[in-house]
Number of protein chains: 2
Amino acid sequence: MGTTQLDTVPEPKYWHLRTVLSEALDSEFSVGEILPNERDLAARFGVARATLRQALEQLELEGRLQRRRGVGTTVAPPRMGVAVESEQHAWPGAFGDAWQPIDCTAAVPPTAVADILETVHDEQVLTVRRSRVTHGQPVAAELLYIPASSVPELSGIDAPSGVARARAVLRELQRLELEGQDRAVELGSARAEDAKELDRLPGAPVLVVTTRFLAQGHTAALSVATYRADTCRLTFGDTGGVEIHHDAERRAS
Amino acid sequence: MGTTQLDTVPEPKYWHLRTVLSEALDSEFSVGEILPNERDLAARFGVARATLRQALEQLELEGRLQRRRGVGTTVAPPRMGVAVESEQHAWPGAFGDAWQPIDCTAAVPPTAVADILETVHDEQVLTVRRSRVTHGQPVAAELLYIPASSVPELSGIDAPSGVARARAVLRELQRLELEGQDRAVELGSARAEDAKELDRLPGAPVLVVTTRFLAQGHTAALSVATYRADTCRLTFGDTGGVEIHHDAERRAS
DNA sequence: TAGTGGTCTAGACCACTAG
DNA sequence: TAGTGGTCTAGACCACTAT
């Protein structure tokens, strides 16, 4: 037998496979290299394709592999560090922020958002879509919810929607005094819309960063940003741009 | 056909199922309630069990469901907010920190860790295991790597290992002046050891929080904490204990 | 022991990409 | 059009939990 026999608690095949593949990736493959296709790999390891896929899914979740339909499975580059905290204590859209406004609409937000914004449940709020691109790759999609009460001067602005409108709204926000902000990170799965923007399939794992911006004793804006969990490492640095050794990190078992 | 026909881009069954189940959870189930078993559910929706499971996996990833072998699938409570930033600018083990020391050993760390600590690759470092429990439930497991050079006075301490040793090491750490810290969050999958401590299966999704503690111009300690991604929402609050409405948040599609 | 979720198989077909 | 990964099926057996 190829497998160890005296397993007191038999390890699932896919988990063992994950380990074997992981070690092979470290020693025998370099970034960007294409792996054999799933059918061949499954045959080579003597397992069903579904089992092999379970192992590949794990490795993709860990950011080690990248799979693209119609193309193949490649060795992923180390996750890129994406600074989140750098925007601390500044409104979205402040100078130097990493986001690109896409458009702006007025819409009734999900009830969850309405609750946080303390608006009535069927009241429209301004919704700015933004996207964040790093090294030419889309890494995050954001929805910024802004109650009309946060930008009272907005009526004088003509652009009814689109990027111009988005910029105008963000400009108006800067006039308020920012009293603080609040951040949470959790795991989620990409909604169809976000998945498209992030160039992933629906349900892809994402890190959801929810930020509340406080002004005048209320939540003046709420940002819900979804980052690709496979390619991103969110950094919250106190110490400036000190870089952690990514390459090494991934071997940390 | 039971399915809608004019699907221009046919939605995968499991994704549609996820949506249907998600809505059912919102409207027809309450926290802790047990769902019908997978075979029944699959039959009821007219799909194979594997497909049904794909939908359940999604919902579990999103923290909506909890599945336990031999027991069943239950509706999960809202994710709990776990404060990460509150420990800012304090050494691990400082008064009021949320972690319980488990033990302390000396061991050669993974090369990744050695690189960050700037130790020689086969040099032993102190390794403190700690765990974090909230509301009676284990939420995170941590490995704290401390080069011997960070705690020079340690030789005078007798406890060779175990909790006492761990406490002693942490106490020694407080003597250094903390110059800053550095944090990163990324998605990972639980190693067998962590999985056990977190009461999950190996490979379960976790949020890995890596913190570097800087003193004397070097990385004086490195913390790698793995949080259960299904039950935890990591919070980084500037504004004290303002609570976000969890319940609502989960409906935000 | 009965019932649950977890693993695994051996197929089939589909959607997408590139030559 | 050939080859890839993505979806789906209908089974089987195993590990675990409660009774």
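In what follows, chains carry the letters A, B, and so on, assigned in the order in which the sequence lines appear, proteins first and then strands, with residues in each chain numbered from 1. What you see is a predicted model, and the numbers here were worked out from it, not measured in a lab.
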Given DNA chain C, 5'-ward residue of the pair B:L35 and A:A50, judged by closest heavy atom: B:L35
Report the nucleotide, chosen from [options], that has the shortest atom-to-atom distance to any side-chain atom of [X].
| X | options | value |
| --- | --- | --- |
| A:R67 | C:dC8, D:dG5, C:dT9 | D:dG5 |
| B:R53 | C:dT7, D:dC8, D:dG6 | C:dT7 |
| A:N37 | D:dG5, C:dG5, C:dC8 | D:dG5 |
| B:R49 | C:dT9, D:dC8, C:dG5 | C:dG5 |
| B:Q54 | D:dG6, D:dC8, D:dT9 | D:dC8 |

Pairs: protein N or O with nucleotides 17-19 of chain C N or O, under 3.5 Å:
none

Between atom [atom1] in [X] and atom [atom2] in [N], what is the gap in whole Å?
| X | N | atom1 | atom2 | result |
| --- | --- | --- | --- | --- |
| A:R18 | C:dC8 | CZ | C1' | 19 Å |
| B:L17 | D:dT7 | CG | C1' | 13 Å |
| B:K13 | C:dA12 | NZ | C1' | 13 Å |
| B:E38 | C:dG5 | CD | P | 5 Å |
| A:L56 | D:dG5 | CG | P | 8 Å |
| A:L201 | D:dT4 | CG | C1' | 13 Å |
| A:Y14 | D:dA15 | OH | C1' | 13 Å |
| A:L41 | D:dG3 | CG | P | 17 Å |

Dot-bracket encoding per residue of DNA chain C, Watson-Crick/G-U cut-off under 3.5 Å, | denoting interstrand: ||||||||||||||||||.
hbond_proxy B:R39 side chain to C:dG5 base (donor-acceptor, 3.5 Å cutoff):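 Under the 3.5 Å cut-off, the side chain and the base do form a donor-acceptor pair.
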Phosphate OP1/OP2 of C:dT7: any A:T51 side-chain N/O under 4.0 Å: no
OP1 or OP2 of C:dT4 under 4.0 Å from side-chain N/O of B:T73: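 No.
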State which residues pass side-chain hydrogen bond (donor to acceptor under 3.5 Å, both in side chains) with [X]; sequence neighbours excluded, sorted by chain then number.
| X | value |
| --- | --- |
| A:E33 | A:S30 |
| B:S189 | A:Q58, A:E62 |
| B:E38 | B:R49, B:R53, B:R67 |

Interatomic spacing from CD in B:Q137 to CZ in B:R132 - rounded to 0.5 Å: 13.0 Å
B:L21 and B:R64, any side-chain heavy atoms less than 4.5 Å apart: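 When only atoms from C-beta onward are counted, B:L21 and B:R64 do not touch, as no gap falls below 4.5 Å.
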Flag side-chain contact, heavy atom, 4.5 Å: A:R165 against A:L126: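 Answer yes - side chains close enough.
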A:R79 (side chain) donor-acceptor with A:A229 (main chain) under 3.5 angstrom: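 Here the side-chain-to-backbone pair exists.
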Main-chain N/O of A:L144 paired to A:R130 side chain as donor or acceptor, under 3.5 Å: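 Pair absent, no side-chain N/O of A:R130 close to backbone of A:L144.
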Results of side chain to side chain contact (heavy atoms under 4.5 Å, CB included) for A:R167 - residues two or more places apart only: A:P101, A:V163, A:R171
A:H135 atom NE2: more than 12 heavy-atom contacts under 6.0 Å: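 For A:H135, atom NE2 is not crowded (no more than 12 foreign heavy atoms under 6.0 Å).
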